[in-house]
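One-based numbering, in listed order, for ligands and for the atoms of each. We use all heavy atoms of the structure for the numbers below, so side chains are in, but hydrogens, waters and symmetry mates are not.
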Amino acid sequence: MTDTAAGHVWIAGAGPGDPGLATVACVRALANADAVLYDALASPALLRETRPGCELVYAGKRAANHAMSQREIEAEIVRRAKAGQRVVRLKGGDPFVFGRGGEEALACRAAGVAFTVIPGVTSAIAAAAYAGIPVTHRGLSAVLHVATGRRQAEDVAEPDDGTAFRKPGTLVLLMGVEGLAGSLRAVMDEGWPAATPAACVQWGTTARQRVVVATLATLADAVAEAGLGAPAVMVIGETAALARELAWFEPGPLAGKTVVVTRARAQASELAERLAALGAEVVEAPVLSVRHTPAELTTDERVGSRWDWIGFTSANGVDAFFEALAGTGRDARALGTTKVAAVGGTTAAALRARGVIADFAPSRATSAALADELPRVQGARILLPVSSLTDGRLASALKARGGLVEQVAVYETVATPLEAEQREAVLAADAVTFASASAARFLRAALGEATIAADARLIAMGPESAAATRAAFGRVDFEAAEPSLDALVAATVQALTWDS
Ligand code: SAH
């Protein structure tokens, strides 16, 4: 690859999903890019290979909800390259295998923009491989066809003798989950025997990989029954049966499980990302949103000397406090000699993200433990930046120990209704996670009359969320060992692998 100084387009394949399957050339191009236009199927982990300041533009391409049209994408890469940018057009799999990379190359050529094509590992071969299916195999298959299940929709003339796929071998269908029964019937009409082994590989090479092996005649029903969806490849031919012997890849422990995340949208992403990395199908149900309420106390010029302790009990409290501080043009240094206490790992992590290491953390991650264990309370001036819903128990307990306590509501959580589709998804999920008491209360309200499936696992982060979940839904199935994301994720894995 040439390190062209400026104004160049790399049409790069990201590989099928497992970031380890991206080529060295692809990773180098990303590290060198001023802008990356990426597809939904390009592994998000690869975007971390870019340097700070690189523009990441989502050019989404999942059937039905295109974020940008193909022509818009072409115009955009040409425009950026002409402006002197090093542009990577990052596509799932291989850019020239049903990736429309050829059209983008033509657009560059027409505009006089220099380009490089970086081939990628195509899902047509890699998803099969991760399911234990060699696409050719001595004695079983000596020819590989790659087609799409949406051939009807492609603007290419069909060969009129219908013999295109008749030659025995392996036929891989991309984009084939929708209308699968029809596609498979068409394959049988083309002369493939109904008993031919056929496999469906969903999210191949990723933690979410799931595989169903059946025959041409039975695959559509088997896929529907197992609930597999796009993206998936169908592998048809004698070698598909080898999946039964050669399956080797272990997907994540949550593969095939649907898990609901009920946090506010802004905070849901880390939890959602962690669960997805373990293979879960994540349903975001943002039943609450967080609104920061400007707090007088934090904007006081003398923040640093005014308080002996600031006790943070939530990451929201930390964020709201520091944003109020930033609103007056100040940062963590304004805390001066004030000591900081943090309840829970998530709260401590939020402080660390602001450059503050907590001076004290109670032995258990609860407000009650903080009330009992906070040192040097007698005569100390203590600020508690909390939610508008927080009761006065912590403040009273610290006052009882001789502290001069001020509790200030720095944020409020506001109930947010769910879309009908989100509600359906919640009701059908395998597990629902509650990271706060309000999440449980607000989900209860958002569901109206409907009830969560009896066999769905309800998982709460910490005792307060657990109590609220019990009050709202009559039960809690698993409680995270402590109120942290790590513990919530661990509890979710435990809840969903318990009896399988
Ligand atoms: N250029 C891509 C294909 C793009 S078309 C490639 O070479 O892989 C999009 C289709 O690719 C999806 O509908 C699905 O059939 C397939 N696909 C992409 N990634 C996949 C994956 N990880 N597992 C299974 N199929 C995948």
Side-chain angles (χ1 to χ4, degrees), residues 10-23 26 37-46 59-67 70 73 88-105 117-133 135 144-154 156 170-180 183-184 187 198-213 219-220 223 226-236 240 243 247 249 251-252 255-256 276-277 279 281:
W10 284 264
I11 301 171
D18 177 345
L21 296 178
T23 63
C26 174
L37 276 82
Y38 64 98
D39 283 354
L41 288 176
S43 165
L46 284 178
K61 276 271 219 87
R62 290 284 296 280
N65 50 8
H66 286 212
Q70 182 62 30
I73 293 169
V88 172
R89 173 68 180 113
L90 187 67
K91 306 168 82 72
D94 180 278
F96 280 8
V97 177
F98 296 112
R100 305 189 74 169
E103 291 164 60
E104 290 162 19
V117 179
I118 302 176
V121 173
T122 179
S123 63
I125 294 171
Y130 272 52
I133 305 172
V135 288
L144 169 64
H145 312 274
V146 179
T148 85
R150 297 199 299 213
R151 264 172 296 147
Q152 323 63 310
E154 303 276 311
V156 222
T170 307
L171 167 60
V172 175
L173 295 181
L174 302 183
M175 296 180 266
V177 187
E178 266 171 60
L180 180 58
S183 309
L184 296 180
V187 172
C200 174
V201 186
Q202 171 202 278
W203 283 112
T205 81
T206 75
R208 297 158 81 178
Q209 174 170 309
R210 292 178 72 202
V211 182
V212 165
V213 185
L219 185 65
V223 164
L228 301 199
V233 298
M234 310 305 145
V235 189
I236 299 159
F249 176 65
E281 207 70 58

For A128, enumerate each residue passing the side-chain contact (heavy atoms from CB on, under 4.5 Å) test, keeping only those at least two apart in sequence or located in another chain. I133, V135, V235
Sort and list the pairs that fulfil salt bridge (Lys or Arg N to Asp or Glu O under 4.0 Å) and have at least one residue in residues 11-23, not counting sequence neighbours. none
Compare every heavy atom of L180 with every heavy atom of A220, then report the nearest pair and how far apart it is. CA-CD2, 3.8 Å
Side chains of L41 and K91, heavy atoms from C-beta outward: is any pair under 4.5 Å? no
Any protein N/O atoms within less than 3.5 Å of an N/O atom in ligand 1? List the atom names and distances, or say none.
residue: ligand 1; atom: 1 (N); partner: G92; partner atom: O; Å: 3.0
residue: ligand 1; atom: 1 (N); partner: D94; partner atom: O; Å: 2.8
residue: ligand 1; atom: 1 (N); partner: V97; partner atom: O; Å: 2.7
residue: ligand 1; atom: 7 (O); partner: D94; partner atom: N; Å: 2.8
residue: ligand 1; atom: 7 (O); partner: T122; partner atom: OG1; Å: 2.7
residue: ligand 1; atom: 8 (O); partner: T122; partner atom: OG1; Å: 3.4
residue: ligand 1; atom: 8 (O); partner: S123; partner atom: N; Å: 2.9
residue: ligand 1; atom: 8 (O); partner: S123; partner atom: OG; Å: 2.7
residue: ligand 1; atom: 13 (O); partner: M175; partner atom: N; Å: 3.2
residue: ligand 1; atom: 15 (O); partner: M175; partner atom: N; Å: 2.7
residue: ligand 1; atom: 15 (O); partner: A232; partner atom: O; Å: 2.7
residue: ligand 1; atom: 17 (N); partner: S123; partner atom: OG; Å: 3.2
residue: ligand 1; atom: 22 (N); partner: P16; partner atom: O; Å: 2.8
residue: ligand 1; atom: 22 (N); partner: G204; partner atom: N; Å: 3.4
residue: ligand 1; atom: 22 (N); partner: G204; partner atom: O; Å: 2.9
residue: ligand 1; atom: 23 (N); partner: G204; partner atom: N; Å: 2.7

Salt bridge (Lys or Arg N to Asp or Glu O under 4.0 Å) pairs touching residues 201-210, sequence neighbours excluded, are R208-E281
Is there a side-chain contact between L21 and Y130 (heavy atoms, below 4.5 Å)? yes
